[in-house]
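Chain A is the first sequence line, chain B the second, and so forth, proteins listed ahead of strands; every chain is numbered from 1. Values in this document were obtained by computation on a predicted structure and should not be read as measured data.
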Amino acid sequence: MDKMPKWADVILIPLISLILAAILSTLVILAIGENPVEAVNLMVTGALGSTYGWGYTLYYATNFMFTGLAVAVAFHARLFNIGGEGQAMLGGLGVAMVCLYVPWPHWSIALLAAMAAAMLFGAAWAAIPAYLQAKRGSHIVITTIMFNFIAAALLNYMLVIVMRPAGSQDPATARFPEAVHLPTLHEMLAPIGINFSKAAPANISLIVALLACVVVWALIWRTRLGYEIRAYGHSETGAVYAGISPVRITIVAMLISGALAGLMAINNVMGEAERLVLNSTEGAGFIGIAVALMGRSHPFGVFLAAILFGFLYQGGAELALWTSIPRELIVVIQALVILFTGALDNMVRMPLEKLFLALRKEAN
Amino acid sequence: MTVPAIELKGISKAFGPVQANKDISISVAPGTIHGIIGENGAGKSTLMSILYGFYKADKGEIWINGKKTDIPDSQAAIAAGIGMVFQHFKLVENFTVLENIVLGAEDGGLLAPSLAKARKELKDLEQEYELFVDPDKRIDEIGVGMQQRVEILKALYRKAEILILDEPTGVLTPAEADQLFRILDRLRAEGKTIILITHKLREIMEATDTVSVMRRGQMTATVKTAETNPEELAELMVGRKVLLRVDKVPAKPGKPILEIENLRVTDSSGVERVKGIDLTVRAGEIVGIAGVAGNGQSELLEVLGGMRPGSGTIRMNGVPLALSGPGSDGQARRAQGIAHVPEDRQREGLIMDFHAWENVAFGYHRDPAYQRGIFMDNAALRADTERKIEKFDVRPPNGWLSAKNFSGGNQQKIVVAREIERNPDLLLVGQPTRGVDIGAIEFIHKQIVALRDQGKAILLVSVELEEIFSLSDRIAVMFDGHIMGERLPHETDEKELGLLMAGVAGEAA
Amino acid sequence: AIAEPAIIFDLGGKFDKSFNEAAHNGAQRWANETGGTYREIELQSEAQREQALRRFAEAGANPIITMGFAMADPLAAVAPDYPDTKFVAVDVSWLDAPNIRQVSFAEHEGSYLVGIMAAMASKTGTVGFIGGMDIPLIRHFGCGYAQGAKSVNPDINVVANMTGTTPAAWNDPVKGSELTKAQISQGADVIYAAAGGTGVGVLQTAADEGILSIGVDSNQNHLHPGKVLTSMLKRVDVAVYDAMKAGENVETGKFTMGLAENGVGVAMDENNAPLVTDEMMAAVEKARQDIIDGKIKVVSYYENDSCPALQF
Amino acid sequence: MDSFLTLIQVLDSTVRLATPLLLACLAGLYSERAGIFDIGLEGKMLMAAFFSAAVAAVTGSVWLGLLAGIAASLVLSALHGLASITFRGNQLISGVAINFLAAGLTVLIAQDWFQQGGRTPSLFAGGRFEPITFPFAETLSGVPIIGPIYSELLSGHSILVYVAFLMVPATWWVLFRTRFGLRLRAVGENPAAVDTAGVSVVGLRYAAVAICGVLCGIAGAYLATGLQAGFVKDMTAGRGFIALAALIFAKWRPWHAMWACLLFGLLQAVALRFQNIDLGGIVIPVQAMDALPYILTVVILAGFVGKAIPPKAGGEPYIKER
Ligand SMILES: Nc1ncnc2c1ncn2[C@@H]1O[C@H](COP(=O)(O)OP(=O)(O)OP(=O)(O)O)[C@@H](O)[C@H]1O
Ligand SMILES: Nc1ncnc2c1ncn2[C@@H]1O[C@H](COP(=O)(O)OP(=O)(O)OP(=O)(O)O)[C@@H](O)[C@H]1O
Ligand SMILES: [Mg+2]
Ligand SMILES: [Mg+2]
């Protein structure tokens, strides 16, 4: 028998972990002399109280869905992809090249091309760590960390030396042409009579992200490849027995993961900034880890966790804007979520298992 | 009446829902060798680990030399004069023998004096018990027999008066085993108390003074060795009369299905494990491979099953198989009509976290019958599972349970069902009944024989000589990567096979 | 109600002791004098620029003051969406939107003056310049400085280094410190830091190693009294103060603040009084007047992206 | 002579920049040799940097600052121990969490205490580790070759620099010449062997993690009170990861760790001093120099230049009962 029911594993444990993280976050807010109730109020109104707030919340959530899915897919193959940040940066590079160097007649075609480029660049950046893990056993966590730094240096070089328009002072590409402007929620919802804030950056990438959730779900639970990825993730020896090549699965899973992380660039680079700037990823690659952990690597869980983090991000930005609480509060919350749902999982799990065991003994 | 060296009273231990030890009591007289036998999973190792402070008992008392002793950790056990040689050695592989011996028993904070002292004492111990080792060799440079001596020396260095050996002969050749028993005799003569765990009745009969039998976590009997016999012990072990032979009609071997020529296998650390073997398996026969674990049988099965590369020639139905690179993996082997019941069902044959119905497709998940468009046809899978559960009497009959929630025997039934139902030309079977109860053993054996009777070829690897004898139509013995000889079961006996397994060439035997 | 003004500090943060801190001081002065309140944010990342602009505009802040050239691009995108809001862009001079006040400074003129002081204070005949991010604006500083130094001593050796190529260069005191040590080993005994927060490391190390340094933007003389020769003042505080004072009616267009407008200058106070000789004082005063009168023309780096007095 | 002086200068700055790397690298060495992977070196250093600077700024005593830095780093170590030893969680995830926790908390607390945008006030004499001048450094500086080497390169660093370099032989000695070292290495290779030998795996691992905390604490304190005069947000700037890279580069051996850190320190020193390096026509952009430590690490990990084999039990929690 399982030690406890599935619902406890999937819902109860993350929930308790989340509550613990929330309690500690409250303590942190109290410790810096702020009022947690007010802070939460401000966050809720700022992030959910207007279509403007929702627009930013959903914009951030879109980023996190992509990176969360990226981490989740790799988790299914028991690979820890810490390289989402670098892969997303490279995705941005791909998007910028497509948008700047090709004259597009219409945004829709440009979007498809940008998606392809983003996925290609993201996957390419994951390919080397994947290959080294598969073929040479180099620990993928370390190599992907290294690749994040290398990506930052590469992007720095591209923006400072190669892609910066003549005469411009800041290391950023030129604005993308008007033709590749993606429809925002404002533009998309106006025809059906909803007046969504014009200023918020949420855009059609949100739809792509939702589609990506569905596609990843189907991939993992409904296809042969997903079956093989999961089998490999649960047991490498089992995979070898079944004729599932560990090398192939490692590489394929990481390519998919990198492509998903790269795909984020259609949202932040093409949809929001409409140019490529340094640090455009804003740590979304790392937040993907928290999102995947909280979402238990299930696309639906990732979706929910991404919305939660989108809320935290927008709420945090509002806090920074209207109070003296620095935006880093969000980083602390994020750290606590990762800590409790990831590293201290057993702290919640072990007592619960005992509890359920005792309950069952009683029932018998 | 002397005071018992060890007395356990009412020991119970559960791992989550598994009750590994239930209210066990046992008493061991000083200066004797006390055997403990029992099936796989009976709880022998758990009991000894409790005695050694490695696990903590949920209930019960431990008395050493007539004193109630608390053993919360191994430190306490060592202090109480207990030493243990684990089934899986606990040695640091990249340390030297000497470093392993002093580890945890150093004198003072500096290493050099400890090592010097240990080196000297080791000399004395070697002399005293004829336990020769090279103190400066690294563990990963010496063989298992030697490693075991290091483990024994570790215990003696810590002044153990009570020595526990958990299945010490599983990895040894009969000759090495004989040497071990001589050492144990000497230790007993010195007044030490020894607990010996094994499933091998022969060893119990030869080496022990008293024997206790465990079944399903309980102690079923303790008897004087001199007053019992193997048949009685076997019955005590499994709880009913043991069927030693499987009923089967004589084999009618047909054309060769599998032909192996000069097969060589090198493992990932560069050691050659199979050193050029030739073997043929024909349609309608079961060829059994006997041998002590670790003599290349596993590697042989793994190459045939596409789990690792090899070199040489293997023909299946006359067609050469790729032995490395593309076309040499498990998928290719299945396509060529080879099915494989792997040695380790939990690590290989099943994904423990998958539902039973997902496991029923494991390895065959690319079969078109399981596909619908680009997706897997889960409905078809579940229907297929229903049938197999029914036919192989898997209990509980619920395809939605995860594999880990079935007992060992039922897990094995799922694997066997999956492989046999493929109707393969060749079935590879590794340790088919390891950790499986007698009822399931009979059932699985019958299925294997039935497949043979349909004219299929079967290659069986088992470390249980009894199983080899009862199933095989022809027996090949492997030692050190070579096939030492082939025998027909009715023309040989355990003694002859034992010599072959120890590497004593056929002519001499 | 009267709209609140808002100010957006650049990545260095409002306590960078330099550029942003000058703006902060100007805003504080306005708040203290008028009792008004204003909104502010310190940017943490490139990607936040546009959001901050929009958020303040949405909330009705007016005028919205931005610090640094990097806000130019987001401003160009956002300003047209809020035609009724006035934006004030410090260090920007090349946008065309009717509702932006663009304020730039003649940094080369102020740098020329501190260059004179550096050359007169130097005993080794070598002076140093440490810039922040390598962009034309900072070269513009260095170029004026070199010209000033050479006007005193045509043979003077000016060593120049830039901290980096990204905005991180504004906030890298470790690197500022290492560059200072390097320049000292090349003989420099007066070093001018035009590097935002990085300059803190430059001034610190110069003080530790016993040479003189020159601060920038804000008056940094007090950071190491008696060790900072002077500071090249860039009256960002004035620009911010003026804009806040004018409120919603702030005049838009392009404005340059030079010596004549008191937009740049050198800092003289009790902290550096012992270091400044009368001779120095006189030379600086003369050059200042000559520049205002047009008798001295300090070449701007922008003119043809090169400097007559210094090779970068 | 001029280029010789430049060389001395670069090496001098190499020593300074290698020091935090070396301390963090040795910290990681203790932890990973005991089987606990630690990608939280960065976070611990950062936390220590902040608390050392903050306490030094408030009390004016750099030694109290150092203690506070070590204490702060130890708290994070304890958290890592709790997650990865007691609760047998994923060590990598715990490390990631610790890095974020430090990045966020330092700024949050700094803002709360000092209202200076996430920094501490600048430290003045007493609040900083001053350089130590060797005897006769001044007098000897004129002597050719030896003079500058003695007076510039060897003399004139803060005490923590010398501590860091002395930690190398000390670490070697502890690991390979003492009982504690033997047990520590054993627990990273096969914890079950240590356990059955009657030594507490948990105790050893906590000890290793604690030593790691102390060394990270010193590293962070050096950054904020030795190399710099105060804390600025994110001031570790990836040094924890470079230290990790150096550890792999060094294959978990103390002397090699020193050379690896000196190499990476040299790369940083060169990148600091020269923006783009012109090698007879080919210009190496500064970004390439920045990325070089990471690239080298990947090459090492790929096993093209000798294989880096981590301690066998590294990264795996020790679970007795399945
Ligand atoms: N660490 C553990 N965690 C959970 N269950 C365990 C653990 N060790 C043993 N068990 C379970 O306890 C039972 C008894 O196992 P034990 O190893 O004591 O058997 P054994 O008699 O030594 O068998 P074998 O002959 O295979 O060595 C089995 O069901 C086993 O699965
Ligand atoms: N590692 C495990 N995790 C969870 N449950 C387990 C584990 N091992 C065994 N069980 C549960 O304990 C029960 C007993 O298992 P065990 O393997 O001892 O069965 P058994 O009585 O030996 O049966 P069989 O003869 O079929 O092997 C099983 O029903 C199984 O659900
Ligand atoms: Mg056992
Ligand atoms: Mg069983």
Quiz item: Side chain, backbone, both or neither: which part of A/M350 has an atom under 4.5 Å from a heavy atom of chain D?
Solution: side chain
Quiz item: Quick one: of A/N148, A/L132, A/N156, who has the most non-hydrogen atom pairs under 4.5 Å with chain D?
Solution: A/N156
Exercise. Taking the side chain as every heavy atom from C-beta outward, state whether D/F231 and D/F114 have any pair of such atoms under 4.5 Å apart.
Key: no
Quiz item: Tell me, side chain or backbone of A/Y157 under 4.5 Å from chain D's heavy atoms, or both, or neither?
Solution: both
Practice problem: State, without any angle test, whether D/D195 and D/Y318 hold a side-chain donor-acceptor pair at a distance under 3.5 Å. | Solution: yes
Quiz prompt | Top contributor to chain A interface from D/I98, D/L101, D/N99 [non-hydrogen pairs under 4.5 Å] | solution = D/L101
Practice problem: Sort out for me which of D/T86, D/V107, D/N90 touches chain A most, counting heavy-atom pairs under 4.5 Å. | Solution: D/V107
Self-check item: Heavy-atom contact with chain D under 4.5 Å, split by part of A/A152
Solution: neither
Quiz prompt | D/P317 to D/R88 - nearest heavy-atom pair and separation | solution = CB-CB, 3.6 Å
Self-check item: Best-contacting candidate, A/L336, A/V337, A/I32, A/V28, against chain D by heavy atom pairs under 4.5 angstrom
Solution: A/I32
Quiz item: Nearest 0.5 Å, what's the OH-CG distance between D/Y206 and D/L82?
Solution: 5.0 Å
Self-check item: Interchain contact, A/L293 with chain D, by part (heavy-atom threshold 4.5 Å)
Solution: side chain
Quiz prompt | Over 12 foreign heavy atoms within 6.0 Å of CH2, A/W322 | solution = yes
Quiz item: Considering only heavy atoms, which portion of D/L292 lies under 4.5 Å from any heavy atom of chain A: side chain, backbone, both, or neither?
Solution: neither
Quiz prompt | Selection from D/G104, D/G118, D/G89 maximising heavy-atom pairs under 4.5 Å formed with chain A | solution = D/G104
Self-check item: Heavy-atom side-chain contact between D/E32 and D/L244 under 4.5 Å
Solution: yes
Quiz item: Given the rule in the side-chain contact (heavy atoms from CB on, under 4.5 Å) test, do A/R349 and A/D9 qualify, once you have shown the distances and angles that lead to the verdict?
Solution: CA-CA 8 Å; A/R349 182 181 299 273; A/D9 187 47; 2.8 Å; yes
Quiz item: By a 4.5 Å heavy-atom criterion (distance strictly below it), what part of A/F286 contacts chain D: side chain, backbone, both, or neither?
Solution: both
Practice problem: Name the member of A/I142, A/D345, A/I330 that forms the most heavy-atom pairs with chain D at distances under 4.5 Å. | Solution: A/I142
Quiz item: Can you find a pair of side-chain heavy atoms, one from D/T106 and one from D/M47, that are under 4.5 Å apart?
Solution: yes
Practice problem: Check whether any side-chain heavy atom of D/I242 lies under 4.5 Å from a side-chain heavy atom of A/F149, and answer yes or no. | Solution: no
Quiz item: Which bit of A/I333 is near chain D, if near means a heavy-atom gap under 4.5 Å: side chain, backbone, both or neither?
Solution: neither
Practice problem: Among A/I145, A/T143, A/L154, single out the residue with the greatest number of heavy-atom pairs under 4.5 Å to chain D. | Solution: A/I145
